[in-house]
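One structure is given below, encoded as structure tokens.
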Amino acid sequence: MGMGSETVAFEQELADYLGVPEVVTVSSCTAALHLSLLVNKVGPGDEVIVPSLTWCSTANAALYVGATPVFCDVDADTMCATWETIAPKITERTRAVIVVHYGGFAADTQQIRTHLPAHIALIEDAAHALGTRHPDGSMVGSHGNMTCFSFYANKNLSAGEGGAIALFDSAEAEHLRKLRLHALQTNAWKRFTSKQVFDIGLSELGYKMNWTDLQASIARVQLRRQEEFHVTRQAIVARYCEALPRILPGITWQTGFDGPGRHAGHLFVVKLPLEALPMSRDELLLGMRSHNVGASLHYALLHTMPLYTGSKPAASLPTVEFLGPRLLTLPISASMKETDVADVLSALQQTLEKPSSSALRT
């Protein structure tokens, strides 16, 4: 089943939910980032500033268009890039900045856009942040920048796979719709339902990045349940915030959970007090996994990876380098029950009290 009426309906429903005039669905958030850079005419010789604390897709999108990713630091509390961390990385070659709403926290894109030179595109990576609100109550995605969302299997709105771009410019939206399907002048749904005969009329290189009606039909139901899911996630967060300091004094977590809707609760990322631990962060993670709890890491720091640095030494980014070995993601999902939360807390306590020797040898 290809792209048709269900996809079109979802695009309109998501646009209404976000408060934007245009939504274009694509095959993944990675595709959304890629096409957003293309539409903003980013290409070879250009630089794209991205935070080091993100999934590799954010940086890889720059490589796909022939540009160079340039890594910036983040704020220690929000774990998101700010104007202060972005500004030192701007050069005459900077053509775009991708701001990541890490974990589901609403980064301050308005401040960044205010200071950012007009010729530099601001693109929002909101893979974690569907439903997150800024302090003024507006949705992430509604501030006028191209904003990229993910519907991957582990996201707050999951259709198994998929992505979308929210934007305000109708001409750019039509360009994105062409690029996602081979740059055809019209999509398959229109070609096979119209009484006219269409000439494909290719004039630029396009891609096979369209979404499908099967995925869209799942997503439409998921979209209607977002408020319900958010309430469940917030209850899990509240339980973690109440219990964790008793289990591990000195533990803290990403900011934003105390404000109404400021955090989507896609991830619950804690900062471990390493000096007070009887083990390393990695040993703690493996110990929890030995208790069948899926603790995880988000993410390894991109600015240290050979793919991006080549033979050059990694640039110094002190905040992410301090955070890196201290971050741990605890399980959070709208499908979790109170007993699941209790299991996570119990596994943490048991690992701290009696580390698993098998985990420590791994």
Side-chain angles (χ1 to χ4, degrees), residues 52-56 74-80 102-105 127-128 152-156 158 229-230 232-258 263-302 304-305 318-362:
S52 178
L53 187 61
T54 184
W55 180 237
C56 60
V74 299
D75 175 77
D77 295 322
T78 68
M79 303 183 192
C80 297
Y102 176 82
F105 178 83
H128 296 171
Y152 184 62
N154 64 352
K155 296 302 189 291
N156 290 23
S158 172
F229 294 162
H230 182 68
T232 300
R233 288 175 179 271
Q234 290 301 108
I236 294 169
V237 168
R239 180 77 176 95
Y240 280 153
C241 293
E242 182 270 332
L244 286 172
R246 295 201 307 269
I247 297 172
L248 181 56
I251 193 172
T252 57
W253 42 85
Q254 186 185 21
T255 193
F257 290 107
D258 53 349
H263 203 299
H266 172 61
L267 301 179
F268 187 80
V269 179
V270 300
K271 293 184 278 188
L272 299 170
L274 288 187
E275 299 76 11
L277 291 182
M279 67 200 76
S280 71
R281 185 275 311 276
D282 292 355
E283 290 167 343
L284 177 60
L285 182 152
L286 293 173
M288 293 185 70
R289 287 184 178 176
S290 73
H291 291 284
N292 296 318
V293 167
S296 56
L297 305 180
H298 294 86
Y299 297 98
L301 304 181
L302 295 187
T304 66
M305 295 186 179
T319 302
V320 292
E321 287 163 13
F322 176 82
L323 290 173
R326 291 167 170 78
L327 297 184
L328 178 70
T329 305
L330 299 183
I332 183 168
S333 163
S335 65
M336 285 176 65
K337 309 298 183 187
E338 171 59 30
T339 53
D340 298 319
V341 180
D343 287 344
V344 174
L345 296 170
S346 175
L348 175 61
Q349 184 156 8
Q350 290 181 64
T351 303
L352 289 169
E353 291 176 350
K354 189 176 180 181
S356 166
S357 58
S358 61
L360 298 184
R361 289 197 301 270
T362 302

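As the structure is a prediction and not an experimental result, all values here were calculated from the model.
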### Query
Can you list the steps and then say if Cys56 with Leu302 is a side chain to side chain contact (heavy atoms under 4.5 Å, CB included)?
CA-CA 7 Å; Cys56 60; Leu302 295 187; 4.2 Å; yes
### Task
For the pair Thr351 and Met279, evaluate side chain to side chain contact (heavy atoms under 4.5 Å, CB included) and give the outcome as yes or no after the intermediate values.
CA-CA 10 Å; Thr351 303; Met279 67 200 76; 4.1 Å; yes
### Message
Please evaluate residues His128 and Lys155 with respect to the criterion side chain to side chain contact (heavy atoms under 4.5 Å, CB included), reporting the C-alpha separation (whole Å), side-chain torsions for both, the decisive distance (0.1 Å), and the verdict.
### Response
CA-CA 7 Å; His128 296 171; Lys155 296 302 189 291; 4.1 Å; yes
### Task
Give the intermediate values and the outcome of side chain to side chain contact (heavy atoms under 4.5 Å, CB included) for residues Leu272 and Val270.
CA-CA 6 Å; Leu272 299 170; Val270 300; 4.1 Å; yes
Donor-acceptor contacts under 3.5 Å from residues 320-329 side chains, at least two apart:
residue	atom	partner	partner atom	Å
Glu321	OE2	His303	NE2	2.9
Glu321	OE2	Leu317	N	3.0
Arg326	NH1	Phe322	O	2.9
Arg326	NH2	Glu275	OE2	3.1
Thr329	OG1	His298	ND1	2.9

Identify all side-chain donor-acceptor contacts of residues 340-349 below 3.5 Å with residues at least two apart in sequence or on another chain.
residue	atom	partner	partner atom	Å
Asp340	OD2	Lys337	N	2.7
Ser346	OG	Gln350	NE2	2.7
Gln349	NE2	Glu353	OE2	3.1

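Note that CG of Leu330 is 6.5 Å distant from CD1 of Ile251, once rounded to the nearest 0.5 Å. If you take CG on Leu274 and OG on Ser280, they are separated by 8.0 Å, rounding to the nearest 0.5 Å. In this structure, the separation between OG1 on Thr252 and CG on Leu244 is 10.5 Å, given to the nearest 0.5 Å. Note that SG of Cys241 and CH2 of Trp253 are 4.5 Å apart. Values are rounded to the nearest 0.5 Å. Between atom CG of residue Leu53 and atom CE of residue Met79 there is a gap of 7.5 Å, rounded to the nearest 0.5 Å.
Every residue two or more places apart in sequence or in another chain that forms a side-chain contact (heavy atoms from CB on, under 4.5 Å) with Thr78 is listed here: Asp75, Cys80, Phe105, Thr255. Residues passing the side chain to side chain donor-acceptor pair (under 3.5 Å) test with Ser158, sequence neighbours excluded: none. Scanning for side-chain contact (heavy atoms from CB on, under 4.5 Å) contacts around Trp55 gives Ser57, Tyr299, with sequence neighbours left out. Applying the side-chain contact (heavy atoms from CB on, under 4.5 Å) rule to Pro249 yields no partners; only residues at least two apart in sequence or on another chain are considered. For Phe229, the side-chain contact (heavy atoms from CB on, under 4.5 Å) test picks out Gln222, Arg225, Gln226, Ala334, with sequence neighbours left out. Partners of Arg233 under the side chain to side chain donor-acceptor pair (under 3.5 Å) rule, at least two apart in sequence or in another chain, are Asn156. Remark: Ser335 pairs with Ser333 by the side chain to side chain donor-acceptor pair (under 3.5 Å) rule, at least two apart or across chains.
Minimum interatomic distance between Met336 and Thr232 (heavy atoms only, all atoms of both residues): O-CG2, 4.3 Å. Across Met305 and Ala300, no two heavy atoms sit closer than the pair CE-CB, 3.5 Å. Closest approach of Gly294 and Pro331 over heavy atoms only: O-CG, 3.7 Å.
With hydrogens and angles left out, the side-chain atoms of His263 and Gln234 include no donor and acceptor closer than 3.5 Å.
Counting only residues at least two apart or on different chains, the side-chain hydrogen bond (donor to acceptor under 3.5 Å, both in side chains) pairs with a member in residues 240-251 are Arg239-Glu242, Glu242-Arg246.
Considering only heavy atoms from C-beta on, Ser296 comes within 4.5 Å of Arg289 through its side chain. Inter-residue side-chain proximity for Tyr102 and Val269 is flagged as met; some heavy-atom pair is nearer than 4.5 Å.
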